[in-house]
S.K.: 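This is the structure, below, for whatever I ask next.
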Amino acid sequence: MSITKKIQESAVESLTHLYEQEFNEKDFQVSQTNPEFEGDYTIVLFSLIKNLKKSPDVIGKELGDYIVKNYSLLFSKYNIIKGFLNLTVTDNYWFDLLNKNYNDVCFGKHAMNGKKIMVEYSSPNTNKPLHLGHLRNNFLGWSVAEILKANGYDVVKSCIVNDRGIHICKSMIAWQMFGNMETPESTKTKGDHFVGEYYVKFNDEYKREVEELISKGVEKDKAEKEAPIMQRAQKMLLDWENNKPEVIDLWKKMNAWVYKGFDVTYKRIGSDFDKTYYESNTYLLGKQIVEEGLAKKVFIKDDDGSIWIDLTEDGLDKKIVQRKDGTSVYITQDIGLAEKKYEEYKIDKSIYVIGDEQNYHMKVLKLIAEKLDLPNAKNIFHLSYGMVELPSGKMKSREGTVVDADDMVDEMIATAKQHTEELGKVKDFEEHELQQLFETIGLGAMKFYLLRVDPKKRMIFNPEESIDFHGFTGPFVQYTYARIQSVLKKVTSNLPIAIGIPVTGNRQPATNLLSLEKELILTLEQYSQIIEQAATELNPSVIANYIFHLAKTFNSFYTEHSIANAESEDKKQVRLQIATMTANVIKSSMQLLGIPVPERM
RNA sequence: GGUCCGGUAGCUCAGUUGGAUAGAGCAUCAGCCUUCUAAGCUGAGGGUCAUUGGUUCGAAUCCAAUCCGGAUCACCA
């Protein structure tokens, strides 16, 4: 049980006993004591004065006396300042906590709870390579999945690949027109980049044709529809839907190139999926649901045969769910897939990691599912995140103004290499260890950078200013970890017995905790609640902020107090335990962000 | 225009179930490496918490209005 919870409970019991009436945890607040006051945790008394009709000072004194006297294992003393009851927790409580947990690599994580959650993320299009926005999506999805696992959920990571549609045909047409039968192999280009180039070529040609038509006096709207290359793309889409063999072959061939490229990128950034759905397999889903919806009168058929749902009563609009030609639209496919996910996995919650430009779409999706009484309707949750933009504005793959994911990763690793070499600490590293270190640091910096911000906020990335390696960054935390490992190795190599031997029996160390030591233990103790909070909010930045605070506190402690040459043997043991536990929590929490930590750097 | 999201230090961001003098990082300035890794540590300067009003012992946090920025409101996906 967390210390906060213990304090709440002891205060509730004390108040109930003192004033002979019912209290509960919500009657007062417990928070960490501000550093400028003496004490560890503070009970805010103002909310009690109305009920008890006593001054905060009187309540504080009565409660303080009682709680310190009756919970002497927990509290050693108290003070009252202006309505705040500051309690000091006994050193023994903290020693005990350290002893029990310092070497537990699972500290803070929760037991399995029997619930299953699907997290869908990444969702790439097979007509272009991944860019910086996809990286944010991937890192978020991965991290949220890990955070949920740490909270005891059974997590299924899924991905829906957008492998069909007009945009895919565009790359295909362009390759037919300009490709000269070249391949990724023949041009030594990564497959996804190779195909992406043709997507850009399509749009260049399309633009040229539209302008040509306009110059001949055709109106803009008409020109956009009549440009020959666009008509070819639309024809190809029809051929694809009719399973025309040569179109299907080309589609398969080009998609295979893209997948090969994606695999390389996913592997590099550490993304993977338990289940991959392909839109080419799922785009017909939902048709049956349309039938059922019509029967239930949730949907209405228009005179022209198209099918609609009216959401105006819910403050939204009318939405089409099936075209007059009988084909299903985006939202219908999504409802079908949502249902399929539930049937296949019997999930308790379905999380979609999708950009905030789809907020409206996801709201509609959930609402339709609810109106249809689908069993999973209430469990659909959209984890919406803000776009990553450049200082010049939005990234547009059509115009080539994107920060490419692979380039970005390359650059980060190169920067890591440069920084590391400048510092000159790695002279005795083997070549493969060095390469791994550069990747750990470079990718760590990038993941931390993208995850430390609240997902729902859009962020501006300036490629001119490279991602920092100092301060609130991944490498800062990694460095803290490596330094702890270095100390532990040094100290324990002189001691054949495992470090941080628990202080045996009931004997407590003959030492008092210094403020930095206590602050560290207090921070470590909170880890479990931080994991919970991150899961409730589906927000990895909670973890990132926590790790940074922990690492920062440790660094202050490290500079201020020696571990190896501590003032006494007891002190040394306590500090070794603190260092070990800090390292464990850093490693475990960085893992929740998908960032590995190096043993040395 | 409707709906949703955001506005906190020069920049990037924490803090929002109401609590003590609003915090970090970067940048700027001043210090700290013969002692466990200086990718570190210590300190300084820097704030109309967008604006106005309200709620109360107390508001960056809650309510209302306004201003600014963004997203969205397709028989595209």
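Values below: every heavy atom of this structure, side chains too, minus hydrogens, waters and symmetry copies.
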S.K.: A:His470 side chain N/O closer than 4.0 Å to the phosphate oxygens (OP1, OP2) of B:G40?
M.R.: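 Checking B:G40 against A:His470, a side-chain N or O does come within under 4.0 Å of OP1 or OP2.
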S.K.: Are A:Asn127 and A:Ser171 close enough that a side-chain donor and a side-chain acceptor fall under 3.5 Å?
M.R.: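 The criterion, which ignores hydrogens and geometry beyond distance, is not satisfied for A:Ser171 and A:Asn127.
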S.K.: Looking at B:C26, which nucleotide sits across from it as a Watson-Crick or G-U wobble partner, both distances under 3.5 angstrom, or is there none?
M.R.: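 Here B:C26 is engaged in a pair, and the nucleotide opposite it is B:G10.
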S.K.: Just to confirm, is there a sub-4.0 Å distance from OP1 or OP2 of B:C36 to any side-chain nitrogen or oxygen of A:Ser562?
M.R.: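 No, outside the criterion.
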S.K.: Where each residue is assigned the nucleotide of RNA chain B containing its nearest heavy atom, which of A:Lys82 and A:His419 is assigned the position nearer the 5′ end?
M.R.: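 Result: A:Lys82.
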S.K.: I'd like to know if A:Asp304 reaches the base of B:C75 with its side chain, counting only an N/O donor and acceptor under 3.5 Å.
M.R.: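 Pair found.
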S.K.: Which is true for A:Ile49 with a 4.0 Å heavy-atom rule: it touches a base, it touches only sugar-phosphate, or it touches nothing?
M.R.: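 A:Ile49: no heavy atom of the nucleic acid under 4.0 Å.
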S.K.: Would you indicate which nucleotide in B:C41, B:G19, B:A38 comes nearest to any side-chain atom of A:Asn555?
M.R.: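 The listed nucleotide nearest to A:Asn555's side chain is B:C41.
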S.K.: Does A:Ser541 contact B:A14 through a side-chain donor or acceptor facing the base, at a distance under 3.5 Å?
M.R.: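 No, no donor-acceptor pair under 3.5 Å.
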S.K.: Determine the contact category for A:Ala482: base if any of its heavy atoms lies under 4.0 Å from a base atom, sugar-phosphate if only primed atoms, P, OP1 or OP2 are that close, otherwise nothing.
M.R.: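 Base, at least one base atom sits under 4.0 Å.
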S.K.: Write down the distance separating the P atoms in B:A64 and B:G6, rounded off to the nearest Å.
M.R.: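 It comes out at 15 Å once rounded to the nearest Å.
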S.K.: In whole angstrom, give me the gap between the C1' atoms of B:G18 and B:G58.
M.R.: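 It works out to 8 Å between them.
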S.K.: Please work out which of the three classes, parallel, tilted or perpendicular, describes the rings of A:Phe461 and A:Tyr449, given edges at 30° and 60°.
M.R.: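 The rings of A:Tyr449 and A:Phe461 stand perpendicular, inter-plane angle above 60°.
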S.K.: If the threshold is 4.0 Å, N to carboxylate O, is there a salt bridge linking A:Glu567 and A:Arg575?
M.R.: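 Yes, charged N to carboxylate O under 4.0 Å.
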S.K.: Can we say A:Asp428 and A:Arg600 salt-bridge, meaning some charged N sits less than 4.0 Å from an Asp/Glu carboxylate O?
M.R.: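 Yes.
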S.K.: On the ring face of A:Tyr385, is A:Arg136 found with NZ or CZ under 6.0 Å from the centre and within 45° of the axis?
M.R.: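 No, a cation-pi geometry is absent between A:Arg136 and A:Tyr385.
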S.K.: Could you check how far CZ of A:Phe46 sits from C1' of B:G19, rounded to whole Å?
M.R.: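 Answer to the nearest Å: 7 Å.
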S.K.: Spell out yes or no: do the side chain of A:Asp334 and the base of B:A77 have one donor N/O and one acceptor N/O closer than 3.5 Å?
M.R.: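 Check fails, no donor-acceptor contact within cut-off.
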S.K.: Would you kindly give the CG-to-C1' distance between A:Leu383 and B:C5, to the nearest whole Å?
M.R.: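 In whole Å, B:C5 C1' and A:Leu383 CG are 14 Å from each other.
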S.K.: Could you check how far CD1 of A:Ile166 sits from C1' of B:A77, rounded to whole Å?
M.R.: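 Those two atoms, CD1 and C1', are 11 Å apart.
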S.K.: Hey, is the side chain of A:Lys456 poking within less than 4.0 Å of OP1 or OP2 on B:A71, counting only N and O atoms?
M.R.: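 Answer no for this pair, as no side-chain N or O of A:Lys456 is under 4.0 Å from OP1 or OP2.
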S.K.: Rounded to whole Å, please give me the gap between CD in A:Gln485 and P in B:U37.
M.R.: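 That distance rounds to 12 Å.
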S.K.: For the aromatic rings, using the six-membered ring if either is Trp, is the centroid distance between A:Phe557 and A:Phe554 under 6.0 Å?
M.R.: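 Centroid separation for A:Phe557 and A:Phe554: below 6.0 Å.
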S.K.: Less than 3.5 Å apart, any donor N or O on the side chain of A:Thr33 or A:Asp40 sitting next to an acceptor on the other?
M.R.: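 Side-chain D/A pair, A:Thr33 to A:Asp40: absent.
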S.K.: Categorize A:Phe469 for me: base, sugar-phosphate, or nothing, with a 4.0 angstrom heavy-atom threshold over every strand shown.
M.R.: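 Base: the residue A:Phe469, judged by heavy atoms under 4.0 Å, touches a nucleobase.
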S.K.: Measuring from the side chain of A:Met459 (C-beta onward, heavy atoms only), which nucleotide among B:A14, B:C13, B:A77 has the closest atom?
M.R.: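 In terms of side-chain proximity for A:Met459, the closest of B:A14, B:C13, B:A77 is B:C13.
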S.K.: Quick test of the criterion, 5.5 Å between centres and less than 30° between planes. Is A:Phe84 stacked on B:A20 or not?
M.R.: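 Yes, A:Phe84 stacks on the base of B:A20.
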S.K.: What's the gap between B:G43 and B:C5 when it is taken at their C1' atoms, as a whole Å value?
M.R.: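 The same atom, C1', in both gives a distance of 39 Å.
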S.K.: Please classify the glycosidic conformation of B:C33 as syn (within 90° of 0) or anti (everything else).
M.R.: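 Syn, since the glycosidic angle lies within 90° of 0.
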S.K.: Between atom OH in A:Tyr558 and atom P in B:C33, what is the gap in whole Å?
M.R.: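 So the OH-P distance, A:Tyr558 to B:C33, works out to 15 Å.
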S.K.: Checking base pairs now: Watson-Crick or wobble, both atom distances under 3.5 Å. What partners B:A38?
M.R.: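 Paired with B:A38, as far as the under-3.5 Å criterion goes, is no nucleotide at all.
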S.K.: Parallel, tilted or perpendicular: which one describes the rings of A:Phe469 and A:His419, with boundaries at 30° and 60°?
M.R.: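 Correct class here is parallel.
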S.K.: Just to confirm, is there a sub-4.0 Å distance from OP1 or OP2 of B:A74 to any side-chain nitrogen or oxygen of A:Arg323?
M.R.: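 For B:A74, neither OP1 nor OP2 has a side-chain N or O of A:Arg323 closer than 4.0 Å.
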S.K.: Whether A:Ser556 contacts B:U42 is assessed here as follows: a side-chain N or O lying under 4.0 Å from the phosphate OP1 or OP2. Is that the case?
M.R.: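 Checking A:Ser556 against B:U42: at least one side-chain N or O falls below 4.0 Å of OP1 or OP2.
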S.K.: Could you tell me the separation between the CZ atom of A:Phe548 and the P atom of B:C41, rounded to a whole number of Å?
M.R.: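 Computing the A:Phe548:CZ to B:C41:P distance gives 7 Å.
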S.K.: Does A:Asp325 or A:Ile460 map to a spot on RNA chain B nearer the 5' end, using the closest nucleotide for each?
M.R.: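 Between the two, 5'-proximity favours A:Ile460.
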S.K.: Using atom CD of A:Gln29 as one end and atom C1' of B:G58 as the other, report the distance to the nearest whole Å.
M.R.: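 Going from A:Gln29 (CD) to B:G58 (C1'), I get 12 Å.
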S.K.: Out of B:U37, B:A77, B:A14, which nucleotide sits closest to the side chain of A:Tyr479?
M.R.: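 The answer is B:U37, which lies nearest to the side chain.
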S.K.: A:Phe37 on top of B:A20's base, within under 5.5 Å and under 30°?
M.R.: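 According to the criterion (under 5.5 Å, under 30°), yes, A:Phe37 stacks.
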S.K.: Looking at the side chain of A:Lys324, which of B:C75, B:G69, B:G19 is the nearest nucleotide?
M.R.: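 In terms of side-chain proximity for A:Lys324, the closest of B:C75, B:G69, B:G19 is B:C75.
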S.K.: Are OP1 or OP2 of B:U42 and a side-chain N or O of A:Lys552 less than 4.0 angstrom apart?
M.R.: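 Yes, such a contact exists.
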S.K.: Please give the nucleotide sitting opposite B:C4 as a Watson-Crick or G-U wobble pair, both distances under 3.5 Å, or none.
M.R.: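 B:C4 is paired with B:G70.
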S.K.: Rounding to a whole Å, what distance do you find between A:Gln322:CD and B:A74:C1'?
M.R.: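 Rounded to the whole Å, the gap is 17 Å.
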S.K.: Would you mind telling me which of B:U72, B:C26, B:C13 lies closest to the side-chain atoms of A:Asp468?
M.R.: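 Nucleotide nearest to A:Asp468's side chain: B:C26.
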